[in-house]
Amino acid sequence: MKYQQLENLEAGWKWQYLIKKFKDGEPITRHIDSNDIDVATAQLQEFEHEPTRVLAWIAQNMAFDLDNKLKQAIRAKRKRHFNAELVHTRKKSIDLDYRVWEKLAEKATQLDATLSDTIEYLLSEKGYSEDQEEECEA
């Protein structure tokens, strides 16, 4: 599915991505000299609310090996952004212990289904068995 590209919004995401990488200690510029690196990163930090300058900075200064990673991160962010607009496409997350995930994944493989579909199936089975118990008691 193709999602609309919003240049200003995505420039902000690119800025956030690069700043996070910089704060994590990863090299974000293609420069070798430490003075050039310091100047370039200082410039980038100043461009937070200037999308066109962020894009120009990326073209001039960003490390070449970050190009694909940045593109992938922006594609994922774009997908999450547009999917979050509708309740039924918005992603939710839950924390599972490894052993629980392992059992769930095994059941999903047996059913040839996604984890979400498997959870839905197991819940409906549980509801069905509870209904049967109530009928037997009555």
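Note that the structure is a prediction, hence the values are computed from the model and not measured. All residue numbers refer to positions in the sequence shown, counting from 1.
If you chain together hydrophobic residues whose side chains sit under 4.5 Å apart, Ile37 and Ile19 never meet in one group.
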>> Evaluate Leu55 against Glu7 for side chain to side chain contact (heavy atoms under 4.5 Å, CB included), listing each step before the verdict.
In response: CA-CA 9 Å; Leu55 297 176; Glu7 193 170 318; 3.4 Å; yes
> Should Val39 and His31 be marked as a side chain to side chain contact (heavy atoms under 4.5 Å, CB included) after you check the CA-CA gap, both sets of side-chain angles, and the distance that decides it?
Replying inline: CA-CA 10 Å; Val39 168; His31 305 298; over 6 Å; no
> Could you go step by step and tell me if Thr29 and Asp36 meet the side chain to side chain contact (heavy atoms under 4.5 Å, CB included) rule?
Replying inline: CA-CA 9 Å; Thr29 69; Asp36 292 340; over 6 Å; no
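Side-chain atoms of Arg78 and Phe82, non-hydrogen and from C-beta on, do get closer than 4.5 Å to each other. Under the 4.5 Å side-chain criterion, counting only non-hydrogen atoms from C-beta, Thr41 is in contact with Ile28. Taking 4.5 Å as the limit, every side-chain heavy atom of Lys77 sits out of range of all side-chain heavy atoms of Tyr17.
Interatomic distance, NZ of Lys21 versus CG of Asp24, reported as 7.0 Å (0.5 Å rounding). Ile58 contributes atom CD1, which lies 5.5 Å from atom NZ of Lys14 (distance to the nearest 0.5 angstrom). The structure places CD of Glu50 at 11.5 Å from CH2 of Trp15, a figure rounded to the nearest 0.5 Å. For the atom pair CG (Leu18) and CD (Glu26), the distance works out to 10.5 Å, reported to the nearest 0.5 Å. In this structure, Glu48 CD and Leu44 CG are separated by 9.5 Å, a value rounded to the nearest 0.5 Å. For the atom pair Arg75 CZ and Glu10 CD, the distance stands at 10.5 Å (nearest 0.5 Å).
Here the side chain of Trp57 pairs a donor or acceptor atom with the backbone of Ala40 at under 3.5 angstrom. Side-chain atoms of Arg30 do not come within 3.5 Å of backbone N or O of Phe64 as any donor-acceptor pair.
Residues Ala63 and Pro27 approach most closely at CB-O, 4.3 Å, considering heavy atoms. Closest approach of Val54 and Ala11 over heavy atoms only: CG1-O, 3.7 Å.
Environment of CD in Glu120: sparse, with no more than 12 heavy atoms of neighbouring residues, nucleotides or ligands closer than 6.0 Å.
Not a single side-chain contact (heavy atoms from CB on, under 4.5 Å) links His49 to another residue, sequence neighbours left out.
Through chains of ILVMFWY side-chain contacts below 4.5 Å, Tyr121 is grouped with Ile94, Leu96, Tyr98, Val100, Trp101, Leu104, Leu111, Leu115, Ile119, Leu122, Leu123.
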